[in-house]
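Proteins get letters first, then strands, A, B, ... in listed order; numbering begins at 1 in each.
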There are 2 protein chains.
Amino acid sequence: MLTIGTLGKKTGTKVQTIRYYEQIGLMPEPGRTEGGQRRYGHAELDRLAFIRHSRQLGFSLEAIRELLDLSDDPDRPCHEADSIARRQLKQIEQRMARLEALRTELKRMVRECSGGNTSDCRVLEVLRDHSECLTDHEDIGA
Amino acid sequence: MLTIGTLGKKTGTKVQTIRYYEQIGLMPEPGRTEGGQRRYGHAELDRLAFIRHSRQLGFSLEAIRELLDLSDDPDRPCHEADSIARRQLKQIEQRMARLEALRTELKRMVRECSGGNTSDCRVLEVLRDHSECLTDHEDIGA
DNA sequence: TTTGAACCTCTAGCAGGTAGAGGGTGTACA
DNA sequence: TGTACACCCTCTACCTGCTAGAGGTTCAAA
C-alpha cells in the first residue's frame with residue numbers, strides 16, 4: 001500500500017495535484033487508514049501514470065477522461081482513441097506553425113536592435129507599429 | 001473621443017478585456033462622460049495597440065508592463081527591451097522544441113494504431129507505458 | 001421623445017493546477 | 001513507552017489572462 005507522497009514520487013506528481021485529480025473525478029477515491037490517510041494500490045499507480053504521460057503529451061484533462069473511459073472497456077473499437085490522438089496531433093501542429101511565425105517576427109525585431117536608447121529602439125518600434133507585422137495572429141493562446 | 005467599444009474594435013480587443021487591463025493597471029484610468037462612460041484618446045489607442053501586438057507575440061502581461069515602462073522613458077538604454085525580446089524568443093524556441101518532440105511521439109502512436117479494439121490499441125498502450133517514451137518532458141505547460 | 005445598442009459595476013467562472021494555514025497521523029528510534 | 005518529526009488531512013485562496021452574465025444606466029440617432 002502506497003501513501004500519496006510515494007505515489008507522487010513514483011509518477012512525478014505533486015501531492016496536491018493527485019488530490020485535485022481525485023476531486024475532479026479523474027482519480028478514484030482511494031482506501032483510507034483508520035486515521036483517514038489515503039492508501040493506494042497498483043491499479044491507482046497505473047492510472048496516475050497514464051494520466052501523467054497523457055498530460056505530458058499535451059492531452060487535456062477532458063481528453064484524458066475519454067481515453068480512460070475507452071481503456072476501461074476493451075471491446076470498444078479503437079478508432080475513438082485513435083481520433084483523440086489525431087486531434088491532439090493536429091492541435092500540436094497548429095501551435096507549432098503559430099510559434100514559427102512568432103519566432104520569425106521576434107528574430108527580426110532582435111536583429112534590428114540598434115543598441116542605442118529606447119527612443120529609437122527597434123523592438124519597441126515594431127511593437128508599437130502593428131502594420132509592419134507580416135503574420136496574422138488570430139488568437140493568442142500558447 | 002472614442003468609446004470603449006470603438007477602441008475594442010480598432011484593436012481587436014473585447015470590451016471586458018480593456019476594463020480588465022485598466023483594473024490591473026496596464027491601461028490608465030480614462031476620462032469619463034458625465035454619465036460615467038469611459039472616453040479614450042489617441043494615446044490610449046496607441047498604448048492598447050502596443051499591448052495587443054505584444055500579446056500576439058506571446059509576451060506575458062508582466063513583460064509588457066516592463067516594455068511599457070521602458071517606452072515611457074526615451075533616455076533609458078535599449079538593451080533592456082532587447083533582452084526582454086530575446087528572453088521571449090528563447091521561450092518560444094524552447095516551446096517549439098518541446099512540441100516537436102511531442103509531435104514525433106504522437107505520430108508514432110497514430111501510425112501504429114491497428115484499427116482493432118481498445119484492448120490492443122496502440123495509442124492506449126503507449127500512453128500506459130511510459131518506458132517507451134523517448135522524450136523527457138520536464139514540465140507540461142504549452 | 002423614444003428606442004435600443006452600448007455602456008456601467010459586480011461577481012463568478014474557465015484550465016490546470018499551486019500555496020499556505022492550521023491541525024492530525026504514523027513510524028522510527030531511544 | 002515516549003517523543004520527535006516527516007508526512008498527512010481539509011479548506012480556502014491564488015495564479016494567468018481573460019470571458020460571461022446579471023441587473024441596471026446612458027447615449028445618440030430617428
Side-chain angles (χ1 to χ4, degrees), chain A residues 1-27 29-40 44 48 50-68 88 91 95 98 137-142, chain B residues 1-27 29-40 44 48 50-68 88 91 95 98 137-142:
Chain A
M1 284 300 163
L2 307 165
T3 63
I4 195 169
T6 311
L7 196 68
K9 259 169 216 145
K10 277 182 189 290
T11 57
T13 315
K14 296 207 171 146
V15 165
Q16 298 283 45
T17 304
I18 299 173
R19 290 199 278 248
Y20 170 71
Y21 288 162
E22 181 183 327
Q23 193 188 307
I24 62 169
L26 214 55
M27 284 293 286
E29 288 184 28
R32 302 264 185 161
T33 62
E34 288 201 1
Q37 297 195 358
R38 290 169 180 81
R39 289 297 180 268
Y40 295 93
E44 285 104 327
L48 184 54
F50 184 101
I51 294 171
R52 294 310 286 177
H53 192 194
S54 305
R55 283 295 294 135
Q56 281 161 340
L57 286 168
F59 289 92
S60 71
L61 294 181
E62 263 326 290
I64 294 170
R65 209 186 286 272
E66 287 181 68
L67 289 166
L68 283 167
Q88 184 59 27
Q91 266 180 32
R95 274 193 230 160
R98 214 180 109 55
H137 329 279
E138 309 102 36
D139 85 304
I140 279 174
Chain B
M1 285 297 163
L2 307 166
T3 65
I4 194 169
T6 311
L7 196 67
K9 260 168 217 148
K10 277 181 188 292
T11 57
T13 316
K14 296 207 169 149
V15 165
Q16 298 285 45
T17 304
I18 299 173
R19 288 199 279 248
Y20 170 70
Y21 288 161
E22 180 183 327
Q23 194 188 305
I24 63 169
L26 213 56
M27 285 292 287
E29 287 184 27
R32 302 263 186 162
T33 61
E34 288 200 2
Q37 299 196 355
R38 290 168 179 83
R39 288 298 180 268
Y40 296 93
E44 285 103 327
L48 184 55
F50 183 101
I51 294 171
R52 295 308 287 177
H53 191 195
S54 305
R55 283 294 296 135
Q56 282 161 339
L57 286 168
F59 289 91
S60 70
L61 294 181
E62 262 326 291
I64 294 170
R65 210 186 285 273
E66 288 181 68
L67 289 166
L68 283 167
Q88 183 60 26
Q91 265 181 31
R95 273 193 230 160
R98 215 181 107 56
H137 329 278
E138 310 103 37
D139 84 304
I140 278 173

How far apart are the C-alpha atoms of B/L2 and B/K10, what are their side-chain angles, what is the distance that settles it, and do they pass the side chain to side chain contact (heavy atoms under 4.5 Å, CB included) test?
CA-CA 10 Å; B/L2 307 166; B/K10 277 181 188 292; 4.1 Å; yes

Bending between helix ends of the helix from C/dT1-D/dA30 to C/dA30-D/dT1 [5 pairs per end, 10° resolution]:
0°

Phosphate oxygens OP1/OP2 of [N]: is one of them under 4.0 Å from a side-chain N or O of [X]?
X	N	result
A/R55	C/dG17	yes
A/T3	D/dC7	no
B/Y21	D/dC18	yes
A/T17	C/dT18	yes

Whole angstroms only, please: what is the CD1-C1' distance between B/I4 and C/dA5?
15 Å

Using a cut-off of under 3.5 Å, enumerate the N/O to N/O pairs linking the protein to nucleotides 12-15 of chain D.
none

Of the candidates D/dG17, C/dA6, C/dG17, the side chain of B/K9 sits closest to C/dA6

Kindly point out which of D/dC18, C/dG17, D/dT19 is positioned nearest to the side chain of B/K14?
D/dT19

Residues A/E22 and A/R38 bridged, charged N to O under 4.0 Å
yes

Can you list, in residue-number order, the parts of residues 29-39 of chain A that come under 4.0 Å of DNA chain D, counting heavy atoms only?
A/R32, A/G36, A/Q37, A/R38

